[in-house]
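Have a look at this one before I ask anything.
Small disclaimer: the values here were computed from a predicted structure and weren't measured.
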Amino acid sequence: KKVASALQVIEEAIARYGSSHLALSFNGGKDCTALMHLVRAALYKHSADCGDATSSSAPLVSLYIQYKKSFPEMDAFVQRSVGHYGLDLVKQGGPMKQGLQLFKENYPEIQGIFVGTRRDDPYGDKLQFFSPTDPDWPQFMRINPILDWTFDDVWRFMRQADVPYCCLYDQGYTSLGDVDSTTRNPALLKDGKYQPAWTLANGELERSGRSTPSSTTGSSSGLPIREAHCAGSEH
């Protein structure tokens, strides 16, 4: 049901803006990885329904707001995803507002950005499926298809659909920010060994490996919610 609902939001965005006016916020986190898989599937279906085979293979503009000190494993996964999903990857440094402004200037045709924000992310409860950026920020429509998903929903989908994900999630990490603010989740330590993220029994402990719920260091949805005013929450 939640997968169908997410696809419906994506399809509505495609119908409203057109595929060439949409981008994906992607930094390799689990939430935006699940979303990337859904967006690609929806774009393929849209092109098949329209009889336009070329649009299904067109590169998907993907915005990667990089941390000051990101995990090499995350960067490597992002690069692998470029080929796997056919991404037109745009790497942009912070601060967030400046990065979004530069993206707006270089890609003026982009009107909406898909973001993997969930309601249980910090500040995520203030968003809707379609939420515009704040007036004093670069103007985009934030599109949040998996807003109603939980930590367990994300991992259930990823595992059932066999979606590739960053290897750090198999090493005890459940929420990824920059290197200096992120550690393995102590709730996953069993018999001296860290278990995979998807084994976390209590999803409310998802961010236990993060030193702060910082809105400036990023989110697995792809962009921080409060500062970016344009997207996500954690990796």
- Message: Going by side chain to side chain contact (heavy atoms under 4.5 Å, CB included), W198 matches just one of D152, L188, D170. Which one?
- Response: D170
- Query: Which pair of heavy atoms, one from L100 and one from F140, lies closest together, and at what distance?
  - Reply: O-CE1, 4.0 Å
- Query: Of D153, D31, D125, which meets salt bridge (charged side-chain N to carboxylate O under 4.0 Å, His left out) against R118?
  - Reply: D31
- For G18, does its backbone N or O pair with a side-chain atom of S20 as donor and acceptor, under 3.5 Å? no
- Message: Set out, in order, the CA-CA distance, both residues' side-chain angles and the distance that settles side chain to side chain contact (heavy atoms under 4.5 Å, CB included) for N106 and V90, then state yes or no.
- Response: CA-CA 10 Å; N106 293 328; V90 181; over 6 Å; no
- Query: When you look at R184 and Q171, which way does the side chain to side chain contact (heavy atoms under 4.5 Å, CB included) test go after all the steps?
  - Reply: CA-CA 8 Å; R184 290 177 172 85; Q171 300 173 23; 3.8 Å; yes
- Task: Answer yes or no: is there a side-chain heavy-atom contact under 4.5 Å between L38 and I146?
- Result: yes
- Query: T182 versus L168: any side-chain heavy-atom pair under 4.5 Å?
  - Reply: no
- Item | Heavy atoms of other groups near Q8 CD, more than 12 under 6.0 Å | no
- Message: How long is the straight-line distance from CD1 of I14 back to NZ of K45, given to the nearest 0.5 Å?
- Response: 9.5 Å
- Could you tell me whether the side chain of Y165 reaches within less than 4.5 Å of the side chain of K30, counting heavy atoms only? no
- To the nearest 0.5 Å, what is the distance between CD1 (I65) and NZ (K91)? 12.5 Å
- When you look at F130 and R16, which way does the side chain to side chain contact (heavy atoms under 4.5 Å, CB included) test go after all the steps? CA-CA 11 Å; F130 290 84; R16 184 184 298 190; 3.6 Å; yes
- Task: Enter the distance from N144:CG to T117:OG1 here, rounded to the nearest 0.5 Å.
- Result: 5.0 Å
- Message: Contact between F129 and E12 at the side-chain level, heavy atoms closer than 4.5 Å - yes or no?
- Response: no
- Message: With heavy-atom distances below 4.5 Å as the criterion, would you say the side chains of I10 and L35 are in contact?
- Response: yes
- When rounded to the nearest 0.5 Å, the distance separating OG of S70 from OH of Y64 is 4.5 Å
- Does the pair N27 and C32 meet the rule for a side chain to side chain contact (heavy atoms under 4.5 Å, CB included), with working shown? CA-CA 7 Å; N27 57 12; C32 58; 3.2 Å; yes
- Message: I want to check something: taking the side chain as every heavy atom from C-beta on, are T174 and S208 in contact at a cut-off of under 4.5 Å?
- Response: no
- P138 and F103, any side-chain heavy atoms less than 4.5 Å apart: no
- Item | Beyond-backbone contact of V163 with M36, side-chain heavy atoms, under 4.5 angstrom | no
- Message: Students often mix this up, so state it plainly: with edges at 30° and 60°, are the rings of F157 and W149 parallel, tilted or perpendicular?
- Response: perpendicular
- Message: Once rounded to the nearest 0.5 Å, what's the spacing between atom CG of L63 and atom NZ of K104?
- Response: 12.0 Å
- Could you state the interatomic distance from CD (E109) to OH (Y107), rounded to the nearest 0.5 Å? 8.0 Å
- Item | With Y169, the ring-ring contact (aromatic ring centres under 6.0 Å, His included) member among Y194, W155, F77, F151 | W155
- Query: So which heavy atom on Q79 is nearest to which on L89, and how close?
  - Reply: NE2-CD2, 3.7 Å
- Item | Exam field: side chain N185 to backbone L205, donor-acceptor pair closer than 3.5 Å | yes
- Query: Between K2 and D148, which heavy-atom pair has the shortest distance, and what is it?
  - Reply: NZ-O, 3.2 Å
- Atom of G29, atom of M74 and distance for their closest heavy-atom approach: N-CE, 3.6 Å
- Note on the structure: Smallest heavy-atom separation, L147 atom then L127 atom, equals CD2-O, 3.4 Å
- State whether the number of non-hydrogen atoms from other residues, nucleotides or ligands found under 6.0 Å of Q139 atom CD is greater than 12. yes
- For Y173 and F71, run ring pair (Phe, Tyr, Trp, His ring centres under 6.0 Å): C-alpha distance rounded to whole Å, both residues' side-chain angles, the deciding distance at 0.1 Å, then the answer. CA-CA 12 Å; Y173 292 92; F71 282 89; 5.5 Å; yes
- Of all the heavy-atom pairs spanning V154 and A34, show the shortest one and how long it is. CG1-CB, 4.3 Å
- Note on the structure: Exactly one candidate in D75, D178, D180 meets salt bridge (charged side-chain N to carboxylate O under 4.0 Å, His left out) with K69; the answer is D180
- Item | K190 NZ: over 12 foreign heavy atoms closer than 6.0 Å | yes
